[in-house]
Amino acid sequence: MRDAILACEHTGRTEGFAAGLALALDGAGADAAPGRLAALPSDAVPAGAPVVPHRLAGREGVSFVRRTGPRSLAESEGTALAARLAAARLGVTQRLRERAVAHLATRVSGGEPTIRKQLVRGVLADALVTVETVRRTLVVAGDLAGTVAECHHRLSELDWELTKLLGASGFVGPRAANTVFVARLTANCWVPTGART
């Protein structure tokens, strides 16, 4: 499990969310999703599959597909998939943090770089702690559905805090904030409802 978690995190960070999602799914299709919708890499959607249009997700290389058959994954396999997905999200969150640091280093407030402000440094330090906590939690307890759901929840909260540091610039250019939003929507498709915290 440790190797899969680290590989998904690395892929999400270096190749982007759609690539991390593909690795996390490990070949699972729409019928593996616990709910009525599945999020899949756009290039993995079968021809003729019932796709629910979502323009922002499409720009990120993700498509939402309606499940047409019965669920095809056991609960333990679904938890492992959700843990790998959390790891891919972790990689994307790290990219967002890196973008926030670069952005704040170029901004000036009160005659000094914004990144030197105590509150900003506190948010960035908390982000490092959360990233490490989520990574370690997934490695040691990635087989516990409630724990994996809590990791997704913590990533969603962290993504929002980091996005606020970017201001409006988070939604232009490389679209780091858009990516974490699509990652959150994707998690809503794959984390079992009963496991959410």
Side-chain angles (χ1 to χ4, degrees), residues 1-28 32-34 39 41 60 62 73-104 115 118-166 170 176-197:
M1 176 72 126
R2 180 181 190 277
D3 291 342
I5 295 294
L6 296 177
C8 289
E9 177 186 352
H10 177 74
T11 302
R13 186 175 187 173
T14 59
E15 298 177 38
F17 181 66
L21 174 61
L23 188 60
L25 293 178
D26 192 28
E60 296 294 331
V62 175
L73 274 188
E75 185 177 330
S76 62
E77 293 170 327
T79 299
L81 187 156
R84 293 190 303 270
L85 177 58
R89 288 185 69 193
L90 185 61
V92 172
T93 296
Q94 289 182 73
R95 288 174 71 170
L96 177 61
R97 184 187 174 282
E98 291 163 2
R99 179 161 181 213
V101 167
H103 171 74
L104 294 168
I115 199 163
Q118 185 177 359
L119 289 175
V120 171
R121 293 173 82 177
V123 171
L124 294 172
D126 288 347
L128 283 176
V129 170
T130 301
V131 162
E132 192 60 31
T133 300
V134 168
R135 179 187 300 117
R136 296 293 175 206
T137 301
L138 291 171
V139 168
V140 301
D143 57 342
L144 302 173
T147 301
V148 171
E150 177 62 23
C151 286
H152 279 282
H153 177 72
R154 291 188 80 174
L155 287 171
S156 294
E157 287 182 337
L158 177 57
D159 290 341
W160 175 240
E161 292 303 316
L162 291 171
T163 299
K164 289 191 294 188
L165 292 177
L166 290 170
N178 294 344
T179 303
V180 295
F181 177 71
V182 171
R184 182 178 184 170
L185 293 178
T186 299
N188 287 342
C189 293
W190 289 105
V191 178
T193 305
R196 290 196 183 130
T197 57

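One-based numbering along the sequence shown.
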Locate the shortest heavy-atom distance separating [X] from [Y]; write the atom from each residue and the value.
X	Y	answer
A127	L162	CB-CD2, 4.1 Å
P34	W190	CG-O, 3.7 Å
V62	A39	CG1-CB, 4.0 Å
A33	C189	CB-O, 4.0 Å
A100	L166	CA-CD2, 3.6 Å
N178	E60	CB-OE2, 3.9 Å

[Y] and [X], any side-chain heavy atoms less than 4.5 Å apart:
X	Y	result
V148	V191	no
T133	R154	yes
L155	V92	no
L158	V180	no
T186	F17	yes
V101	L124	yes

Review point. What residues form a salt bridge (Lys or Arg N to Asp or Glu O under 4.0 Å) with E77, not counting sequence neighbours?
Key: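 Per chain and number, E77 pairs via salt bridge (Lys or Arg N to Asp or Glu O under 4.0 Å) with no residue.
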**Study point:** Any residue meeting salt bridge (Lys or Arg N to Asp or Glu O under 4.0 Å) with E132, in chain and number order, not counting sequence neighbours
**Key:**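 Partners of E132 by the salt bridge (Lys or Arg N to Asp or Glu O under 4.0 Å) criterion, ordered by chain and then number, come out as R135, R136.
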Check your understanding: In terms of heavy-atom contacts, does CD of E157 have more than 12 from other residues, nucleotides or ligands at under 6.0 Å?
Key ->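 More than 12 within 6.0 Å, yes.
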Side chains of residues 81-91: which donor-acceptor pairs under 3.5 Å do they make with residues two or more places apart or in other chains?
| unit_1 | atom_1 | unit_2 | atom_2 | d |
| --- | --- | --- | --- | --- |
| R84 | NE | A24 | O | 2.8 |
| R84 | NH2 | A24 | O | 3.0 |
| R89 | NH1 | H152 | O | 3.3 |
| R89 | NH1 | H152 | ND1 | 3.0 |
| R89 | NH2 | S156 | OG | 2.9 |

Starting at [atom1] of [X], measure out to [atom2] of [Y] and round the result to the nearest 0.5 Å.
X	Y	atom1	atom2	value
T93	R13	OG1	CZ	10.5 Å
D126	R121	CG	CZ	13.0 Å
L165	R97	CG	CZ	10.0 Å

Exercise for review: Could you give me the CA-CA distance, side-chain angles and deciding distance for R95 and E98, then say whether salt bridge (charged side-chain N to carboxylate O under 4.0 Å, His left out) is met?
Suggested key: CA-CA 5 Å; R95 288 174 71 170; E98 291 163 2; over 6 Å; no
Check your understanding: Is the side chain of T147 donor-acceptor paired with the backbone N or O of D143 at a distance under 3.5 Å, no angle test?
Key ->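 Judged by distance alone, no pair lies under 3.5 Å.
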